[in-house]
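What follows is a set of notes on a single structure, which appears directly below.
Per chain, numbering begins at 1; letters A, B, ... match sequence-line order.
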Amino acid sequence: MTTVIKAPGESAAERPGGDGRPKEAGRTGSEGVVLNVFSHGFLAVWAILIVLPLIWLALGSFKTDSQIGGSALSWPSNWHFDAFGRAWDKGIGGYFGHTLIVLAFSVPLTMLLGSMAAYVLARYPFRGNRIIYYFFVSGAMFPVFLALVPLFFMVKRLDMLNTYQGLILVYVAYSMPFTVFFMHSFFRTLPTAVHEAAVIDGASDTRIFFQVMLPMAKPGLISVGIFNVLGQWNQYILPSVLMQPQSGSDPERYMLTQGLIQLQYQMGYETDLPVLFAGVTIAMIPMLVVYLSFQRQIQAGLTSATLK
Amino acid sequence: MSQVARGKGRTGFITGFLILPLALYLTFVIWPYIQTFGYSFTNWSGQSPTFDFVGLENYSALMKDEVFRGALWHNLLLLVFVPTITILLALFFAFMVNAGGRSGAGGVRGVRGSAVYKIVYFFPQVLSLAILAVLFGAVYRSDTGGLLNGFLAKIGLVDPARPVEWLNQPNLVLWCLLLVVVWHGVGFYLVLFSAAMQSVPKDIYEAALLDGAGRAQTFLRVTLPLLWDSVQTSAVYLGIAAMDMFVLVSTMTSGQFGGGPDHHSEVMATVLMRNFLYFGKSGYACAMGVVMLVLTMILSVVTLRATRRERIEF
């Protein structure tokens, strides 16, 4: 890309000017009217195609099982929240909790270790710097699949199958490429003058990192933090291989994504689909909230990371 | 403080900051990747600690494996259609959102409500594939309770007594999955292309407009060439996604780790998982992993080469 690498904050700030609403200036030619109707039509159709299935699914939580099997377009008959309660009891609550526990450790750890590596690689020239950087970043190229079989046995050998700490470490490791890549470009853009001033004041390298550079990198940390939350929250393949009870006495520690698929099988047999739909709705809501609150950072951050 | 001492302190600091991230990354990412190559030359079952070196036997078995060959073919089909459809749709929408509106006073700008469209379109991107699997499992239900059948029955395209079994039709199942991927991806690439379009200076568009270029011309002659880099990157990302497909296939289609009906939706990743976790053929599964890796790399290089054009500076 020929554009200058932008900090996510900057491009977000640019947006209002960039795609602001058109002002009602002048009349529109007849060709314009036809085309406007045309383009609006297509845009609106796609928007409906996105929103409709999601609303339809959420409405399903208020239907009865026979109603779900009967006609797709029927309006829900009862507006009780009991399917949500049953979904929670069926395990969604537990899956939710397990996912929160893992993310509470894996996200901060990813951010800390990723920033430390990125910082050193971005600002300290030393032998092998480039090699280590490419080494880190290259991991983003390959699908997780290729490593899956040996990874399973590696975690098994460390006796960490079906443990939180095992999954946390694996999540941190697999989030490293993107985090290092993103924070590396961020640390490069920070001014050197502040760093020099801190050196003159006698601050150690470690102290400069934690007290000067890390606070300055906050916008970048927020962007990359959101991606790690989204990515790790939505991860399915890693937990489905690493988080299976290893024996009868081993407790079940399914992540939310795994749990939903589990619920899908279970509800297929028990014929209680409203519970499944309620479960999916419960899983969707936090994502919707996170997305709507941070949609600028998410969109700007993802694009600036991808376009480089 | 002497220079030497300073230098030493630096080395300690650099090592201290790199050691933990590197150690984790090496243990859980790089080393397993490397091991995959090694195991692919063995007949390891995964259960027993012993195994023999069998050379290229796994690879020659792969060549003869009908299921794997079918899966490879499906991946290649997806590889062609997923990026093409997603990119075309995303480009179309991005152009509409950013430059579709055009007032009589001149100037190129987005249609009204473009910010809202961007927010709505992007939303599927933050949903997990597991949610998509359940959602589209319900949409594609094989009775009129499914959104698609219900809708088509309502407008009379489908006989309510004999609804379409979308995911059980050998000829339909792969395309049904493809639609899910496109539905999921368009919003992200729309936002990506929008960002690229906005970094194009406004006066280029204004010049095109003064020269009397219509919307189609503006798009083909101005926008597309300037976006070529982003299109290229997107093709590679979407190609990698099309090589994977595990979550959707394994959860939405019938069979152990999906692939049904009768292997018509099989992709390499599902065959790999079945051989690893169900048949206990770890060495064989690793060989599949290596084939996937090689194909992914070939794909990236070929895409970047085939779509190479003269870079336009602005």
For the interface with chain A, which of [options] has the highest count of heavy-atom pairs at distances below 4.5 Å?
options: B:Leu127, B:Val139, B:Leu26; result: B:Leu127
options: B:Ala130, B:Ser250, B:Ser128; result: B:Ser128
options: B:Val247, B:Leu272, B:Val290; result: B:Val247
options: B:Leu20, B:Ile240, B:Ile30; result: B:Ile30
options: B:Phe92, B:Tyr33, B:Trp31; result: B:Tyr33

**Message:** Parallel, tilted or perpendicular, judged at 30° and 60°: which one describes the rings of A:Phe135 and B:Tyr25?
**Reply:** perpendicular

**Request:** Classify the ring geometry between B:Phe17 and A:Phe210 as parallel (under 30°), tilted (30 to 60°) or perpendicular (over 60°).
**Result:** perpendicular

Quick check on [X] against chain B: is it the side chain, the backbone, both or neither that has a heavy atom closer than 4.5 Å?
X: A:Trp46; value: both
X: A:Leu256; value: neither
X: A:Arg127; value: neither
X: A:Leu121; value: side chain
X: A:Met287; value: both
X: A:Leu112; value: neither
X: A:Met176; value: side chain

Minimum heavy-atom separation for [X] and [Y], please, with both atom names.
X: A:Leu146; Y: B:Gly289; value: CD2-O, 3.0 Å
X: B:Ala138; Y: A:Phe277; value: CB-CZ, 3.6 Å
X: B:Thr27; Y: A:Met154; value: O-CE, 3.6 Å
X: B:Lys118; Y: A:Tyr291; value: O-OH, 3.9 Å
X: A:Leu273; Y: B:Arg141; value: CD1-NH1, 2.9 Å
X: A:Ile261; Y: B:Ala133; value: CD1-CB, 4.3 Å

Does [X] reach the side chain of [Y], with side-chain heavy atoms less than 4.5 Å apart?
X: B:Val186; Y: A:Ile50; value: no
X: A:Pro150; Y: B:Tyr39; value: yes
X: A:Leu151; Y: B:Val29; value: no
X: B:Leu18; Y: A:Phe126; value: yes
X: B:Phe122; Y: A:Gln295; value: no

Among [options], residue most engaged with chain B (heavy-atom pairs, under 4.5 Å):
options: A:Val51, A:Val241, A:Leu54; value: A:Leu54
options: A:Thr206, A:Val170, A:Leu52, A:Leu148; value: A:Thr206
options: A:Ala173, A:Ser138, A:Gly60, A:Ala283; value: A:Ala173
options: A:Leu263, A:Val149, A:Leu113; value: A:Val149
options: A:Tyr236, A:Phe136, A:Tyr119; value: A:Phe136
options: A:Leu276, A:Leu169, A:Leu230; value: A:Leu169

Kindly say whether the aromatic ring centers of [X] and [Y] come within a distance under 6.0 Å.
X: A:Phe152; Y: B:Phe276; result: yes
X: A:Tyr174; Y: B:Phe28; result: no
X: A:Phe42; Y: B:Phe93; result: no

**Asked** Within the distance-only criterion (no hydrogens, no angle test), does the side chain of A:Asn234 pair as donor or acceptor with the backbone N or O of B:Val126 below 3.5 angstrom?
**Response** yes

**Prompt:** By a 4.5 Å heavy-atom criterion (distance strictly below it), what part of B:Met288 contacts chain A: side chain, backbone, both, or neither?
**Reply:** neither

**Prompt:** Measuring heavy-atom distances to chain A, does B:Met297 have an atom under 4.5 Å in its side chain, in its backbone, in both, or in neither?
**Reply:** side chain

**Request:** Assess whether side chain to side chain contact (heavy atoms under 4.5 Å, CB included) is satisfied between A:Leu43 and B:Val97, documenting all intermediate values.
**Result:** CA-CA 8 Å; A:Leu43 286 169; B:Val97 162; 3.8 Å; yes

**Request:** Take B:Phe13 and A:Phe209 through the test ring-ring contact (aromatic ring centres under 6.0 Å, His included) and record every step on the way to the result.
**Result:** CA-CA 11 Å; B:Phe13 166 74; A:Phe209 173 71; 7.6 Å; no

**Request:** Please lay out, stage by stage, how A:Thr257 and B:Leu129 fare under the test side chain to side chain contact (heavy atoms under 4.5 Å, CB included).
**Result:** CA-CA 8 Å; A:Thr257 46; B:Leu129 288 171; over 6 Å; no

